[in-house]
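As the structure lists them, so they are numbered: ligands from 1, and atoms in each ligand from 1.
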Amino acid sequence: MTRSRVLVLATVAILIAAFFALHLERYVTLDALKAQHTEIAAYRDAHPWIAAAAYFILYIVVTGLSLPGAAVLTLVGGAMFGLVWGTVIVSFASSIGATLAFLAARFLFRDAVQSRFRKRLKVIDAGIEKEGAFYLFTLRLVPLFPFFLINLVMGLTALPARTFYWVSQLGMLAGTIVYVNAGSELSKIESVSGILSPGLIVSFALLGIFPLLARKALEWVKSRQAHARWPKPGRFERNLIVIGAGSAGLVAAYIAAAVKAKVTLVEKHKMGGDCLHTGCIPSKALIRTARLLSHIKRAKEFGLREATAQFDFAEIMERVQRVIRTVEPHDSTERYTGLGVECLAGEARIISPYKVEIKTAESVKTITTRAIVIAAGARPFIPPIPGIEQVGYCTSDTVWSLRELPKRLLVLGGGPIGSELAQCFARFGATVTQVEMLPHILSREDPDISEMVAQRFRREGIHVCTGCTAKHFLIDNGEKVLIAERDGNELRIPFDLLLCAVGRVANTGGYGLEELGIGTTKSGTVETDDYLQTLYPNIYACGDVAGPYQFTHVAAHQAWYAAVNALFGCVWKFRADYSVIPWATFTDPEVARVGLNESEAKEKKIAWEVTRYAIADLDRAITDEEAHGVVKVLTVPGKDRILGATIVGEHAGDLIAEFVGAMKHGIGLNKILGTIHTYPTRAEANRYVAGEWKRAHAPRRLLRLVQRYHAWQLG
Ligand SMILES: Cc1cc2nc3c(=O)[nH]c(=O)nc-3n(C[C@H](O)[C@H](O)[C@H](O)COP(=O)(O)OP(=O)(O)OC[C@H]3O[C@@H](n4cnc5c(N)ncnc54)[C@H](O)[C@@H]3O)c2cc1C
C-alpha cells in the first residue's frame, strides 16, 4: 500500500475509533434527540446560519466516515430546519458525504480488490458501465439497503464519481423527504425503524426497479414488434441455420452439432471462407516463401559465401494453392457432415426471423428454424478515388490468381494486409510503393513499434509513403499513375498493378437484413448487443460481419457465444468477452499485441508503466542472426499486473501467447519471472522483460541493508 493510502486509512481509522471511544454514538439516538430537541431549536433560532453550516459539516463527516447515525441526523435536519430547508440541506450533505465515502473506498481498496478479483470485477464493471446508474438508483430508492454499504461497495466498481453523486442525490431524495418530514414532527415518532411502513418500503422498491423494468419492457416490446409481422411456424425444421461457412460459421455449426441440435450450414462460395481461401492461409504460405528468399539474399550473414534462388512467381502462387488444398479438408463438407452438420452449397436469404430461403444449384427451398446465426463475413473495401476503376486493381480476394509478378506494385493501405503483401512482393523482386494516409503504417500499434517495421521495409527497398493521401488515378501515355498529396505537395507515383488494401466492409446486403430491419453500425457491421443478438432475439451475428475485430480467432470466439446463446438463450445468455484479444501482423519483423499499448492507455486515461526488453540482447536471437525487436509490456504503476504487451521480432505471434495466458488468468510479471523458460529460446525474452520490471522495482532500502550485512560478514 502506498504512503498516501496508509495515511488516509490511518486518519479514517483514528476518527472512527475516536467516535466509538468517546461514546459519541449516544448523541445520535432518537431518545437523545428528543431529549435535546428544545436546546437544539433554541440554538437554531439564535444562530440560524451557524447552526445550518455546523449541521451540514457534521452530516458530511458522519456519512463520509460511514459512522452510524445518519438516519437520526436526518430527523434532526427535519426538526431543526423544517421540511423544505431540512430536505435541501440533508440532500446535499448526504450526497457529498456519500461521495466522499465512495471516493475513500475507491482510493483505499479498489486496486487491491481489482488485483484479487479482477476477472469477476470485469464482469461487474461491464454491467456498471452499461446500467450502473440504474442499479444505483434502485439501491438508493430502496431504503432497505444500508446507505454506507452502498457507498463503499460502489467505490470498488468502475462507476464514475460524477454519476455516483447525481444518481445518489436523485435516488435518495424520496427517502430524505420521508425522514426529514418525520423529523419535523419529532414528537410523533416512536422509533427510527417505524418511520418506514412496509407499504412505503414496497412503494420505494417498485419505484426503484421501475427504470430497469421499463428498459426490459421496452426491449421486449421492441422484439415483439419486430416479430409481430412474421407468423411463427407451429413446428420448426431446424434448431439453427448458420449463414456462411467461414471461420465463424464453421465453429457455430460445429458447436450446435456437438450439443445435438439440428443445424444447417449454408455456404454460397467455398467452405472455409476468407481465412482458408483468400486470407490467413494463402498469405502465410506466401510469406513463408518470401521469407526463405530473404534468407537466401542474406546468405553471407549466415556464413555462406553465396546462395541464389531460381524461381518462377507462378510456381510460388501454385504452391499457395497447394497449401490451401492441403488445409481444405479441415473445413470440408465431408468433415462437417461427419460431425453432424447438414451442409448446403447455396445462397441463403432470411425471409422471416423463422425462415431461411436457400437457393442451391438444383432448387430453391425454405427451411423453418428456431434460430439463425449470421456469419456472412466481410469483403475488401474499394475507396471511391476518382479513376480507380479506370486503372483497375486487385484486392486480397483476387491477388491469389496472379501468375505474373508485377514490375511496379502500388499498395494502397498500410494496415496488416497491405503490409504483409507489400513485403512479400518486394521480396519476390517487385518495386513496391506503399501509400498510407496516416503518419504510420500499422497505425493501430504504437509509433515506435510501427516505425521498426517501416525501417525494415525501407531497408528492403519498399518505398513507404506515409502521411500520403491518394487523390486520383489516371492513365498517362499508357502508364498507370497515382496522383497523391503529401505535406501539401503533389506526388506522382507510376505503377503497373494496384493492390487495394484499405480495409474491409461487412457483407450485410442482399440476404434479407434490410427487409427485416436489422440495422448496421457506423462501421457498417451488423448491429448486435453484448450477446451478439440482433434486433430479433433469435437472430445472432458473429465474425467479420459483426466486428469489431476482424480476425479468425475472434470469429471463432464469437461463434461460441452466438451458437450457445442462439440455442440456450431462453435459459441463460452469455455476454461476449473481449477482455483479452491478441493479434499479430506477420510482416518481418512480426508484430504481436494483446491488451493495451501506450497510445490506447493515453487515450483511455489509464495510468501505466512501460518496461522494455531489447531482443538484440537475446542469445537465441543472436545465434539466429535475428537480433532485433523488442518486448514492451505495460503494467499498472507500482504493480506487476499486465495491462498489455507488444512484441516485435521473429515469432512474435507465438511469443505473445504467454502474455495472453497471463492476462486471461491474472498472472503478473513476477510469476512469469519465476517460471523456467527453456534455454536458448525466443520465449526467454518474455522472462527477461519481467526481469527488467523486477530490477526497476527492486526494494532499494532492503538491498542497502543486505549490502551492509554482506560487508559486515566480510569481517
Ligand atoms: C489477406 C488476409 C489475411 C488475413 N490474415 C489473418 C491472420 O493472419 N490472422 C487472423 O486471425 N485473421 C486474418 N485475416 C482475417 C480473417 O481471414 C477473417 O477475420 C476471418 O476469415 C473471418 O471469418 P468469418 O467467418 O467472419 O468470415 P468469412 O471467412 O468471410 O466467411 C463468410 C462466408 O459467408 C459466406 N456467405 C456470405 N453471404 C452468404 C449467404 N447469403 N449465403 C451463404 N453464404 C454466404 C461467404 O461466401 C463466406 O464464405 C486475414 C484476412 C485477409 C483478407
Side-chain angles (χ1 to χ4, degrees), residues 241-254 264-288 320 324 331 333 343-351 356-360 372-381 394-400 411 413 415-422 424 499-513 525-526 532 540-559 562-563 581-587 590-593 652-654 656:
I241 291 183
V242 180
I243 300 176
S247 314
L250 287 170
V251 174
Y254 167 73
T264 294
L265 174 65
V266 193
E267 171 54 56
K268 70 173 178 184
H269 189 41
K270 288 180 180 170
M271 292 284 285
D274 268 0
C275 183
L276 174 60
H277 299 282
T278 57
C280 330
I281 297 295
S283 61
K284 269 75 249 179
L286 198 68
I287 285 168
R288 183 72 185 99
V320 169
I324 294 173
D331 297 350
T333 299
C343 300
L344 294 182
E347 187 162 358
R349 181 180 172 78
I350 308 172
I351 53 173
V356 177
E357 179 193 87
I358 300 162
K359 202 185 283 177
T360 63
I372 298 168
V373 167
I374 301 166
R379 63 184 187 283
F381 170 66
C394 69
T395 64
S396 60
D397 274 0
T398 55
V399 69
W400 311 110
V411 178
I417 295 175
S419 298
E420 287 181 3
L421 290 174
C424 284
L499 171 66
C500 196
V502 290
R504 296 171 57 76
V505 277
N507 293 322
T508 55
Y511 58 96
L513 301 193
T525 50
V526 172
L532 299 170
Y540 291 76
C542 57
D544 282 7
V545 80
Y549 300 94
Q550 293 186 327
F551 301 111
T552 289
H553 47 279
V554 180
H557 177 72
Q558 287 181 323
I581 302 278
W583 63 81
T585 303
F586 297 88
T587 45
E590 273 178 27
V591 179
R593 173 141 76 95
D654 295 308
I656 201 73

The closest protein heavy-atom partner of atom 26 (O) of ligand 1 is D544 N, 2.8 Å
Judged by heavy atoms only, the candidate from A546, P380, C280, A345 nearest atom 13 (C) of ligand 1 is C280
Under 4.0 Å from one or more heavy atoms of C275, ligand 1 contributes atoms 17 (O), 21 (O)
Note: ligand 1 atoms sitting under 4.0 Å from heavy atoms of Y511 are 41 (N)
* Return a yes/no value for K268: is any of its N or O atoms, backbone included, closer than 3.5 angstrom to an N or O of ligand 1? => yes
Closest to atom 12 (N) of ligand 1 (heavy atoms only, candidates L276, T552, I350) is T552
Atom 32 (C) of ligand 1 has as its nearest protein heavy atom A375 O, 3.3 Å
Q) With a 4.0 Å cut-off on heavy atoms, is R379 touching ligand 1? A) no
protein heavy-atom neighbour closest to atom 27 (O) of ligand 1 works out as G377 CA, 3.2 Å
- Query: Under 4.0 angstrom from ligand 1, any heavy atom of V266?
  - Reply: yes
Practice problem: Could you tell me whether a side-chain N or O of T398 sits under 3.5 Å from a main-chain N or O of T395, the two making a donor and an acceptor? | Solution: yes
**Asked** Looking at ligand 1, does any of its N/O atoms fall within less than 3.5 Å of an N/O of N507?
**Response** no
Closest to atom 3 (C) of ligand 1 (heavy atoms only, candidates G653, G279, A541) is G279
Can an N or O of E267 be found at a distance shorter than 3.5 Å from an N or O of ligand 1? yes
Looking only at heavy atoms, the pair that brings L421 and W400 closest together is CD2-CH2, 3.8 Å
shortest atom 1 (C) of ligand 1-to-protein heavy-atom contact is with T278 O, 3.6 Å
(request) Decide whether an N or O pair under 3.5 Å exists between E347 and ligand 1. (result) no
Query raised in the report: Would L513 and I374 count as a side-chain contact (heavy atoms from CB on, under 4.5 Å) if you check the C-alpha gap in whole Å, the side-chain angles of each, and the deciding distance to 0.1 Å?
Result: CA-CA 10 Å; L513 301 193; I374 301 166; 3.5 Å; yes
Q. Taking both backbone and side-chain atoms of A555, is any N or O found less than 3.5 Å from an N or O belonging to ligand 1?
A. no
A student checking ligand 1 against I243 at a 4.0 Å heavy-atom cut-off should list atoms 39 (C), 40 (C), 41 (N), 42 (N)
Between the NE2 atom in H557 and the SG atom in C542, the distance rounded to the nearest 0.5 Å is 11.5 Å
With sequence neighbours left out, the residues meeting side chain to side chain donor-acceptor pair (under 3.5 Å) with K284 are E420
Correct closest heavy-atom pair for M271 and C343 would be CE-SG, 4.0 Å
Closer than 3.5 angstrom, by distance alone: can the side chain of Q558 be matched with the main-chain N or O of G547 as a donor-acceptor pair? yes
Residues A501 and I417: closest non-hydrogen pair is CB-CG2, 4.3 Å
Atom 41 (N) of ligand 1 has as its nearest protein heavy atom A348 O, 3.0 Å
> Does a sphere of radius 6.0 Å around OH in Y511 hold more than 12 heavy atoms from other residues, nucleotides or ligands, not counting ones at 6.0 Å or beyond?
Replying inline: yes
**OP:** Examine A248 against ligand 1 and note whether any of their N/O atoms are separated by less than 3.5 Å.
**Re:** yes
* Asked: CZ of R379: more than 12 outside heavy atoms within 6.0 angstrom?
  -> yes
Logged contact type for E420 with ligand 1, heavy-atom cut-off 4.0 Å, is neither
(message) So is G346 touching ligand 1 or not, going by heavy atoms under 4.0 Å?
(response) yes
- Task: Determine yes or no for a side-chain-to-main-chain donor-acceptor pair under 3.5 angstrom, with E590 supplying the side chain and A652 the backbone.
- Result: yes
Closest to atom 31 (O) of ligand 1 among protein heavy atoms sits G246 CA, 3.3 Å
Q550 heavy atoms within 4.0 Å reach ligand 1 at atoms 15 (C), 19 (O)
Worksheet entry | Whether K284 lies under 4.0 Å from ligand 1, heavy atom | yes
Closest non-hydrogen atoms of V266 and A348, given as atom of the first, atom of the second and distance, are CG1-CB, 3.8 Å
A student checking ligand 1 against G543 at a 4.0 Å heavy-atom cut-off should list atoms 26 (O)
Closest heavy-atom pair, C275 versus P282, reported as atoms and distance to 0.1 Å, is O-CD, 3.7 Å
Ligand 1 to S247 polar contact by distance, N or O atoms, under 3.5 Å: yes
- May I ask you to check if ligand 1 and D274 share an N or O to N or O distance below 3.5 Å? yes
For S283, the atoms of ligand 1 under 4.0 Å from one of its heavy atoms are 3 (C)
Worksheet entry | Heavy-atom donor-acceptor pair, N507 side chain to A376 backbone, under 3.5 Å | yes
In ligand 1, the atoms that come under 4.0 Å of a heavy atom of A376 are 32 (C), 34 (O), 37 (C), 38 (N)
H269 side chain to A245 backbone, donor-acceptor under 3.5 Å: no
Of all protein heavy atoms, the one nearest atom 34 (O) of ligand 1 is G244 CA, 3.1 Å
Only one of V373, L265, I350 passes side chain to side chain contact (heavy atoms under 4.5 Å, CB included) with I243, and that residue is I350
Query raised in the report: With no hydrogens and no angle check, is any side-chain donor or acceptor of E357 less than 3.5 Å from a backbone partner on R349?
Result: no
Quick look: W583 vs ligand 1, heavy-atom contacts under 4.0 Å, and the answer is neither
For S396, the atoms of ligand 1 under 4.0 Å from one of its heavy atoms are 1 (C), 53 (C)
In short, Y549 meets D544 closest at the heavy-atom pair O-OD1, 4.3 Å
